[in-house]
Amino acid sequence: MEDCIFCKIVDGEIPCFTIYEDERVLAFADINPINTGHTLIIPKSHAENIWEIGEDDLTAVHRASRRLAGAMQRALQPDGIAMLQLNGRAVNQLVMHYHLHLIPRKADDPALSMTEWELVPGDMKVIEETARNIADAC
Ligand code: 5GP
Ligand code: ZN
């Protein structure tokens with residue numbers, strides 16, 4: 001898609017450090033890494049978000065995530081790997097081409113606000129009603 005940075009990376013118009021690719025996906029280094037090894041996996045075919053991406057591309061991205069996680073384990077020995085995927089500007093999706101972040105972490109790394117939140121018990125009635133509401137829409 002025109003004017004999409006990640007499509008331009010797929011087409012080779014913008015350079016990247018490729019880490020893995022197959023016929024459906026490309027994994028490359030994030031140029032603003034939260035941690036050393038921060039990697040993005042994208043479908044080669046443009047889709048904006050979880051609502052748009054095709055099932056086969058979605059599967060391919062997440063199959064690749066396991067391969068990449070194994071490679072990171074061998075190459076970097078992280079204590080954990082955060083996987084993050086944002087959908088929509090309201091949750092700070094900046095590049096509107098589906099991408100999965102793989103962020104290797106050491107145990108003593110500073111907190112990532114998306115992975116470390118305080119556990120505060122919710123209102124069980126609201127939890128139940130909301131769960132039912134979503135379940136009915138499945
Ligand atoms: P999000 O849309 O999930 O908020 O994050 C977009 C990610 O894409 C950011 O982590 C940002 O650093 C990364 N990014 C944006 N432009 C480029 C680019 O041109 N090359 C690479 N390798 N990463 C990019
Ligand atoms: Zn795109």
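For the numbers below, each heavy atom of this structure counts, side chains included, while hydrogens, waters and symmetry mates do not. For ligands, and for the atoms within them, numbers begin at 1 and follow the listed sequence. Bear in mind that the values here come from a model prediction, so they are computed numbers and not experimental data.
- In summary, the aromatic rings of His99 and His97 are positioned with their centroids too far apart to meet the 6.0 Å limit.
- Gln77 contributes a side-chain N or O that, together with a main-chain N or O of Arg74, makes up a donor-acceptor pair within less than 3.5 Å.
- Dense packing is recorded around CE of Met83, with more than 12 heavy atoms of other residues, nucleotides or ligands lying under 6.0 Å away.
- Looking at Lys44, its side chain never comes within 3.5 Å of a backbone N or O of Asp57 through a donor-acceptor pair.
- Excluding waters, the protein N/O/S atoms found under 2.8 Å from the Zn ion (ligand 2) are Cys4 SG, Cys7 SG, His46 ND1, His97 ND1.
- Using a 4.0 Å cut-off between charged nitrogen and carboxylate oxygen, Asp79 and Lys106 do not count as a salt-bridge pair.
- Under the 3.5 Å distance criterion, the side-chain polar atoms of Arg105 are left unmatched by any main-chain donor or acceptor of Asn35.
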Short N or O separations between ligand 1 and the protein, below 3.5 Å:
residue	atom	partner	partner atom	Å
ligand 1	2 (O)	Leu94	N	2.6
ligand 1	2 (O)	Val95	N	3.0
ligand 1	2 (O)	His99	NE2	3.0
ligand 1	3 (O)	His99	NE2	2.7
ligand 1	3 (O)	His101	NE2	2.7
ligand 1	4 (O)	Asn92	O	2.9
ligand 1	4 (O)	Leu94	N	3.4
ligand 1	5 (O)	His99	NE2	3.4
ligand 1	10 (O)	Asp30	OD1	3.3
ligand 1	10 (O)	Asp30	OD2	2.4
ligand 1	12 (O)	Asp30	OD1	2.5
ligand 1	12 (O)	Asp30	OD2	3.4
ligand 1	12 (O)	Asn32	ND2	2.6
ligand 1	22 (N)	Ala29	O	2.8

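- To the nearest 0.5 Å, atoms OG1 (Thr39) and CD1 (Ile42) are separated by 12.5 Å.
- Counting heavy atoms of neighbouring residues, nucleotides and ligands inside a 6.0 Å radius, atom CD of Glu55 does not exceed 12 of them.
- You'll find the side chain of Asp30 reaches within 4.5 Å of the side chain of His101, heavy atoms only.
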